[in-house]
Amino acid sequence: MTLLEKYKDLLPVNSKTPIISLGEGFTPLIETKHLGRMFGIDLFLKYEGTNPTGSFKDRGMVMAIAKALEEGAKSVICASTGNTSASAAAYAAAFDLKAVVVIPAGKIAMGKLAQAMIYGAKVIQVDGNFDDCLNIVKKVSEDYPVVLVNSLNPNRLEGQKTAAFEIVDILGRSPDYHFLPVGNAGNITAYWMGYTQYHKGGKISFLPRMMGFQAEGAAPIVRGHVVEKPETVATAIRIGNPASWKKAEKARDESHGIIDMVSDEEILNAQRMIASEEGIFCEPASASSVAGIVKMAKKGLFRGGEVVVATLTGNGLKDPDAVLNATPNIVTIPNDVKALVKEVGF
Ligand code: AN7
C-alpha cells in the first residue's frame, strides 16, 4: 500500500487525485539503544532518511505532485536548500512534469545537487540565499503557469503530516515531546496538524509538546526578527525568513512547546553521537533535533521515563563534506600485515 492510499481519508485525496508513489513514507521509528538511557527517557528516532530521495520532503512532495497532476499542471517550481529540490526533481521526472529548481549558489550539499541534476530538473543557482530564491519563485509562480511546490503550497504540509500519523500508529499513543529541526518551519507545522487531527479523531488522548530547534546562525524565530545573512553548517536550515513562521509559533504555543536554537558545534556533536551510539547517519540539520534534546536535558527538562520522539529529517549521505571536513586524516600504512596489526594494536 502507498502513503496516499493508506491515509487517503485524512488527506486531500478525492476520486480524481492520482494515487502516485515512489515508495515514500513508512519510515522506521527506531528505539534508541544508548541515547535515551543517557537522558533517562524513552527516545525514538523517526528516521526519514529512508524515503526515496532521502528526506521527509517526499511525503509532502507526493501529495503536492498528485494535486498538481489532478489540476492538469505541466510544470513545477521550487526554491530549495537542497532536499526540496531533490524531491521535486524526482517526482517530476517519474510523473511527467517539468521541474525548475532554484538554489542558493554554492550553498547546497553535494549529494542534493547531484540528485537534482541526475533526475533531470532545470537547476538554476541564484547569487543569494534561500530566502532570496523563495521570493523569486513565489513571484514567478504567481505570474506564470507553473505550480509552486514549496511548503507555501498547502498540499506539502498535508502530505508531511503523515509522519505524525505513523508515529502514533506505531506507539499507540502520542509522545510526550516531539523534537525536530526548524528551517522554513513547514515540518513543525505539518506534524502539529497531524497530531491535532488524530486528537480530534479520538486516536490520541493528549498532544505532544512540539520542540523545534533552529541553528544559532539562522534562528529568526528565536531572535524575533528576520536574519538577513543566515549562516550554519546545517545548510538545509540556512534560512533567515521562514515561510511558515507564524504557523510554527502557533504550533509551539498551542502545544506548550518551544522553539530554541543550537550551535553548529552542538549540531555536529549530536550528528556524531547519533551515528556512533545508534548506527544512524543523518545530515547535520537533522541532528539539531537531538542537539535540542541534549540542551534541554542539561537544563533539567526531563523527569525520567518520558516518551520522546526526535525526527531525523534527512540522510547523512547527502552531505559527506560536513563529516569529512571535521574528521582527522585517515592513517595510511604500507601494504603489510605487520603494519596493520601494529596500527590496530592487536
Ligand atoms: C534535512 O529543502 O527548506 O522547517 O528547501 O532539508 O520544514 O523547512 C529543507 C528543510 C530540516 C527544515 N531538515 O524543515 C529545502 C528545505 C532537513 C531539511 C529541514 C529541512 P522545515
Side-chain angles (χ1 to χ4, degrees), residues 27-50 55-56 163-164 166-168 170-183 187-188 191 195 206-216 219 222 232-234 236-237 252 255-317 319-320 322-328:
T27 58
L29 184 67
I30 303 166
E31 180 156 26
T32 55
K33 282 78 186 167
H34 302 106
L35 290 181
R37 212 180 316 145
M38 280 180 203
F39 308 118
I41 56 178
D42 247 344
L43 175 60
F44 296 82
L45 302 175
K46 180 67 169 163
Y47 182 48
E48 293 287 280
T50 64
S55 88
F56 71 100
E166 288 178 12
I167 289 166
V168 170
I170 299 249
L171 290 179
R173 51 166 282 176
S174 162
D176 296 303
Y177 294 95
H178 190 121
F179 284 74
L180 77 174
V182 173
N187 213 28
I188 189 170
Y191 268 98
Y195 283 124
F206 66 95
L207 288 158
R209 293 185 175 203
M210 301 305 297
M211 312 291 279
F213 285 83
Q214 303 195 292
E216 257 179 28
V222 183
T232 168
V233 66
I237 53 172
R252 173 196 65 193
S255 75
H256 308 289
I258 60 169
I259 295 178
D260 197 350
M261 59 189 175
V262 282
S263 68
D264 278 6
E265 191 185 351
E266 289 171 307
I267 288 172
L268 292 176
N269 283 343
Q271 184 193 27
R272 191 162 295 277
M273 205 161 68
I274 297 160
S276 62
E277 297 293 337
E278 304 297 336
I280 302 168
F281 184 22
C282 68
E283 65 172 286
S286 306
S288 67
S289 60
V290 172
I293 291 176
V294 175
K295 180 171 181 176
M296 296 315 291
K298 278 189 194 145
K299 281 193 174 170
L301 174 72
F302 305 119
R303 299 174 171 206
E306 289 94 337
V307 173
V308 179
V309 171
T311 303
L312 302 181
T313 42
N315 194 310
L317 293 170
D319 192 3
V323 177
L324 296 175
N325 292 341
T327 305

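Model, not experiment: these values are computed from the prediction.
G316 approaches Y47 most closely through the heavy-atom pair N-OH, 4.4 Å. Contact record, E306 with R303: OE2-N, 2.7 Å, taken as the closest heavy-atom pair. What you find for A322 and P284 is that their closest heavy atoms are CB-CG, 3.6 Å. Residue I167 comes nearest to K46 through the heavy atom pair CG1-CD, 3.9 Å, listed as atom of the first residue, atom of the second, then distance. Across all their heavy atoms, M38 and E277 have their closest contact at CE-CD, 3.6 Å. The heavy-atom pair separating C282 from I274 by the smallest distance is SG-CD1, 3.8 Å.
Exactly one residue among I293, V307, L301 makes a side-chain contact (heavy atoms from CB on, under 4.5 Å) with I41. That residue is I293. Exactly one residue among I30, I280, T50, L180 makes a side-chain contact (heavy atoms from CB on, under 4.5 Å) with L312. That residue is I280. For the side chain to side chain donor-acceptor pair (under 3.5 Å) test with T313, the passing option among S288, S286, S55, S289 is S286; the others fail.
Side-chain atoms of E278 do not come within 3.5 Å of backbone N or O of M273 as any donor-acceptor pair. Of the possible polar contacts, none joining the Y177 side chain to the A310 backbone as a donor-acceptor pair under 3.5 Å is found. A donor-acceptor pair is defined here as one N or O able to donate and one able to accept, closer than 3.5 Å; such a pair exists between the side chain of D264 and the backbone of V233. H178 contributes no side-chain N or O that, together with a main-chain N or O of P208, makes up a donor-acceptor pair within less than 3.5 Å. No side-chain donor-acceptor contact under 3.5 Å links E166 to the backbone of A164.
Residues I267 and E216 have side chains not in contact (no heavy-atom distance under 4.5 Å, counting atoms from C-beta outward). Using a 4.5 Å heavy-atom threshold, the side chains of F302 and V308 count as touching. Within the 4.5 Å cutoff, the side chain of V182 has no heavy atoms near those of the M210 side chain. Side-chain atoms of Q271 and V323, non-hydrogen and from C-beta on, do get closer than 4.5 Å to each other.
Side-chain contact of Y195 with S255: a donor-acceptor pair under 3.5 Å is absent, judged by distance alone. A side-chain donor from one of T27 and E48 sits under 3.5 Å from a side-chain acceptor of the other.
Expressed to the nearest 0.5 Å, how far CZ of F56 lies from CG of N315 amounts to 13.5 Å. Rounded to the nearest 0.5 angstrom, T232 OG1 and M261 CE are separated by 12.0 Å.
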Original post:
Which is it for Y191 and T311 under the side chain to side chain contact (heavy atoms under 4.5 Å, CB included) test, yes or no, and what are the steps along the way?
Top reply: CA-CA 10 Å; Y191 268 98; T311 303; 3.0 Å; yes

Original post:
Please walk me through it: do M296 and F213 pass side chain to side chain contact (heavy atoms under 4.5 Å, CB included)?
Top reply: CA-CA 11 Å; M296 296 315 291; F213 285 83; 3.9 Å; yes

Subject >> Audit row: L317, F281, side chain to side chain contact (heavy atoms under 4.5 Å, CB included) steps and yes/no >> reply: CA-CA 7 Å; L317 293 170; F281 184 22; 3.9 Å; yes

Original post:
For D176 and F206, what are the C-alpha separation, side-chain angles and deciding distance, and is it a side chain to side chain contact (heavy atoms under 4.5 Å, CB included)?
Top reply: CA-CA 9 Å; D176 296 303; F206 66 95; 3.8 Å; yes

